[in-house]
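Encoded as structure tokens, the structure appears first; notes follow it.
Because only heavy atoms are used, hydrogens play no part in the values below, and waters and symmetry mates are left out as well, while side chains stay in. Just so you know, these numbers come straight off a predicted model, no measurement behind them. Letters A, B, ... mirror the listed sequences (proteins, then strands); counts begin at 1.
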Amino acid sequence: MRMLSEFPYRFLLMARKSQRAANAKRDRKVPVEEPQRWVLPAFDPSDERVEVIEPDSTNRIIQRRVVVDGQLLDYAVTHVTLIGPDEWEQVGSIDCCHGDVHKHSGAGHKRGPTIRPIYTQADVQSSFNSSFDEIYDDYETFRGQQ
Amino acid sequence: MTASRSGALTRDSATRRVMKTIARTFDHETLPLVLPDGSRPIVVALPNETISEVVSRVMSIGGRANVAVAFADRFQTFVMNNNASTSLKVIEITQDISVGYFLIRLEQNPGKSMRLKFRDVDADVPVVTVGMAYAA
């Protein structure tokens, strides 16, 4: 009689124990290793291109790129503004050095947060357009406030 | 952002498209003018602007530039020097015209330099044009 009454309780304990083990196994965190970030390989100085546009007479956008056999390896897009005769000051820039796309702001080149990580050279290439747009958006805002 | 309400390109949207295409196509011939410091100055123009407006922007960026004329589906580039140099084969333009018509005049006179000489404008276009479709 006693054994019969204990049976459901024991069964319940065993079920709980096995459930806890399953939960522990599920919750055990397996550390995910981040893939290695993109590192710019050595390049010939002739592979570096710099294009300058002047959307208005007091602002310039400078686009610097490293291109090897038609493949974009590195870039920086910079907005500068005229502060004196032939004197330009940086307003903002976006580049992809150190394995991520990030922004710098102001003349002090203050680094902002990571916009996106760069794991491969294809990431460099695919992030260029959005980086250019972001600098140009900022330029248009800046122009509106000038 | 890419166009005005009428659907026509604005100079800002044209600048974005031209610069992104240049960045992706990596064509040396598109921007033949390279300054001694290695940079390539670019002036983006629309076909309905006057050529004198473009000359003033070329002066502002240093007197020499690769000019990219942006159409809806492509752009065409040529080199412009603010201080005209002498050339044997020169077609002179003595009045202000639209950039679009200026390109027509260039195409009508292959192999010949164009000299712009009117009011306070004195510039030349010594290099033939190069056309390029926008990158997708």
Where do B/Ala23 and A/Gln63 come nearest, in terms of heavy atoms and distance? CB-NE2, 3.9 Å
Give a yes or no on whether A/Ile62 and A/Phe142 share a hydrophobic cluster (residues Ile, Leu, Val, Met, Phe, Trp, Tyr; joining criterion: side-chain heavy atoms under 4.5 Å apart). no
Interface check, chain B: of A/Val50, A/Val77, A/Ile61, most non-hydrogen pairs under 4.5 Å belong to A/Val50
Output for pair (A/Arg60 CZ, B/Ile42 CD1), nearest 0.5 Å, gives 12.5 Å
A/Asp56 with B/Arg57: basic N within carboxylate O range, under 4.0 Å: no
In plain terms, say whether A/Arg143 and B/Asp12 are close enough for a salt bridge, that is, a side-chain N and a carboxylate O under 4.0 Å apart. yes
Taking side chain as everything from C-beta outward and backbone as N, CA, C, O, which of these in A/Tyr75 sits under 4.5 Å from a heavy atom of chain B? Side chain, backbone, both or neither. neither
Taking atom CZ of B/Arg16 and atom CD1 of A/Ile53, what is their separation to the nearest 0.5 Å? 10.0 Å
Are the side chain of B/Arg40 and the backbone of A/Val52 linked by a donor-acceptor contact shorter than 3.5 Å? no
Give the cluster check for B/Phe118 versus B/Met59: same hydrophobic cluster or not, with ILVMFWY residues linked at side-chain heavy-atom distances below 4.5 Å. yes
Do A/Val91 and A/Ile94 belong together in a cluster built from hydrophobic side chains that touch within less than 4.5 Å? no
Atom pair OG/NZ of A/Ser131 and B/Lys20 - distance to nearest 0.5 Å: 10.5 Å
Under 4.5 Å between side-chain heavy atoms, counting indirect links through other Ile/Leu/Val/Met/Phe/Trp/Tyr residues: same cluster for B/Tyr101 and B/Ile91 or not? yes
Using the rule that two of Ile, Leu, Val, Met, Phe, Trp, Tyr join whenever any of their side-chain heavy atoms come within less than 4.5 Å, decide whether B/Phe71 and B/Leu106 are in one cluster. yes
A/Glu34 atom CD, over 12 foreign heavy atoms within 6.0 Å: yes
Heavy-atom count check: over 12 atoms from other residues, nucleotides or ligands less than 6.0 Å from B/Met19 CE? yes
I'd like to know which of B/Pro41, B/Gly62, B/Ala68, B/Ser56 tops the heavy-atom pair count under 4.5 Å against chain A. B/Pro41
Taking atom CD1 of B/Ile22 and atom CZ of A/Phe132, what is their separation to the nearest 0.5 Å? 9.0 Å
Heavy-atom count around A/Asp44 CG within 6.0 Å, excluding the residue itself: above 12? yes
